[in-house]
Amino acid sequence: MNSAIYDKINRLKKEKHAVVLAHTYQPGEIQDCADFVGDSYGLSVEASKVTSELIIFCGVRFMAETAKILSPSRRVILPEPDAGCPMADMINAAELRDFKSKYPDHIVMCYVNSTAETKALSDICCTSSNALKIAKKIALDKGILFIPDRHLGSWVQEQTGRDNMVMWNGCCPVHVRITPEMLLDAREKNPDAQILIHPEAPHECRILADHVLSTGGMCDLVKASEHREFIIATEKGILHTLKKSNPEKIFHHLSDSLTCPDMKLGSLDSVVASLEGNGGQEIVVPPDVAEKARFSLVKMLEMSV
Ligand code: 13P
Ligand code: SF4
């Protein structure tokens with residue numbers, strides 16, 4: 001470990017009254033300089049409580065936008081301006097307006113992996129860790145348009161038994177690489193391991209796992225579990241988080257192909273540049289969009305407790 005750069009980051013954080021937030025898919029060295037590492041839900045909660053003037057958000061654009069919307073008086077910097085989420089761009093405002101016009105009586109449940117504009121047109125947001133809880137609180141006779149991830153939507157539908165959900169046809173290009181064969185093979189090679197899979201994976205894969213969980217849910221389960229060995233079917237960054245908190249346990253990553261290129265754009269140098277004010281991009285959300293998007297995000301936070 002190059003401790004000089006960590007010392008520099010810590011000094012800059014104090015000088016600039018800054019906090020570094022990082023998603024569990026970020027490279028390990030970035031997680032190690034963060035004040036908080038978590039899943040999309042944990043990061044949203046953390047962002048809503050931040051008292052520092054500056055948030056350096058190590059993740060992808062929709063996450064930094066969410067932090068800005070929930071903490072409008074703070075400056076939010078995304079160290080890697082090109083770090084997007086292909087799934088978030090699979091539906092835009094015009095497409096959502098059109099979708100809504102076809103189902104005027106349905107409410108729109110919007111996965112947080114989405115743009116601020118689509119959140120602003122939605123009734124409630126969710127993350128992979130609270131989607132089920134929120135859907136269970138919505139009256140059963142109310143139709144739901146679920147955007148943009150058809151797999152997370154179908155998981156919610158299966159778990160709640162709702163027959164009135166219509167899914168947008170989006171997906172995560174990383175999690176759809178998971179195949180039943182990969183899981184069967186991993187199970188055969190590691191018969192004592194529990195398989196943990198993210199709900200962005202397709203149905204035929206989810207049914208082969210022991211647990212379907214958000215990344216935060218995976219961290220909590222591993223910590224509390226009496227099992228020692230796990231097969232992790234999600235993006236590889238989380239292996240760092242899991243190994244760090246559970247050094248006595250054994251983890252097998254399902255496949256190296258489960259690597260999100262956008263999550264891997266960052267480096268400690270770009271964190272330093274963002275803190276110094278000569279790198280990254282400040283997140284700006286137009287006030288009218290932010291106000292409406294905030295409404296659906298706050299509703300999510302309220303319904304998650
Ligand atoms: P989490 O909700 O588990 O943070 O997942 C976010 C994500 O981008 C998954 O691909
Ligand atoms: Fe988006 Fe998938 Fe990357 Fe998550 S892993 S940020 S959903 S592309």
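One-based numbering, in listed order, for ligands and for the atoms of each.
Applying the side chain to side chain donor-acceptor pair (under 3.5 Å) test to every pair with at least one member in residues 79-93, sequence neighbours left out, gives these pairs: Glu80-Ser270.
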Distances for all N or O pairs of ligand 1 and the protein under 3.5 Å?
unit_1	atom_1	unit_2	atom_2	d
ligand 1	2 (O)	Ser128	OG	2.6
ligand 1	3 (O)	Ser128	OG	3.2
ligand 1	3 (O)	His198	NE2	3.0
ligand 1	3 (O)	Thr215	N	2.8
ligand 1	3 (O)	Thr215	OG1	2.9
ligand 1	4 (O)	His23	NE2	2.7
ligand 1	4 (O)	Ser40	N	2.8
ligand 1	4 (O)	Ser40	OG	3.0
ligand 1	4 (O)	Thr215	OG1	3.4
ligand 1	5 (O)	His198	NE2	3.2
ligand 1	8 (O)	Asn113	ND2	3.2
ligand 1	10 (O)	Glu200	OE1	2.8
ligand 1	10 (O)	Glu200	OE2	3.1

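Ligand 2 has at least one atom lying under 4.0 Å from a heavy atom of Glu200.
Residue Val20 is not grouped with residue Val60 when hydrophobic side chains (ILVMFWY) are merged at heavy-atom distances under 4.5 angstrom, including chains of intermediate members. Val212 and Val174 fall within the same hydrophobic cluster, where Ile, Leu, Val, Met, Phe, Trp and Tyr residues are linked whenever their side-chain heavy atoms come under 4.5 Å apart, directly or through other members.
Between Trp155 and Arg206, the closest side-chain pair of non-hydrogen atoms falls below 4.5 Å.
Counting only protein N, O or S atoms closer than 2.8 Å to atom 3 (Fe) of ligand 2 gives 1.
The protein heavy-atom contact nearest to atom 7 (S) of ligand 2 is Asn113 ND2, 3.2 Å.
Side-chain atoms of Lys264 come within 3.5 Å of backbone atoms of Tyr25 as a donor-acceptor pair (strictly under, hydrogens ignored).
Residue Leu258 is tested with His253, Met182, Glu235, Lys236 for a side chain to side chain contact (heavy atoms under 4.5 Å, CB included); the sole match is His253.
Separation of the Trp168 and Phe99 ring centroids falls under the 6.0 Å cut-off.
Considering only residues two or more places apart in sequence or on other chains, Asn130 meets the side-chain contact (heavy atoms from CB on, under 4.5 Å) condition with Tyr41, Cys126, Thr127, Ile134, Met300, Ser304.
For the residue pair Thr215 / Thr24, a side-chain donor-acceptor distance below 3.5 Å is found, with atom types taken as modelled. At a cut-off of 3.5 Å, with distance as the only test, a side-chain donor of Lys119 or Ser114 sits close to an acceptor on the other residue.
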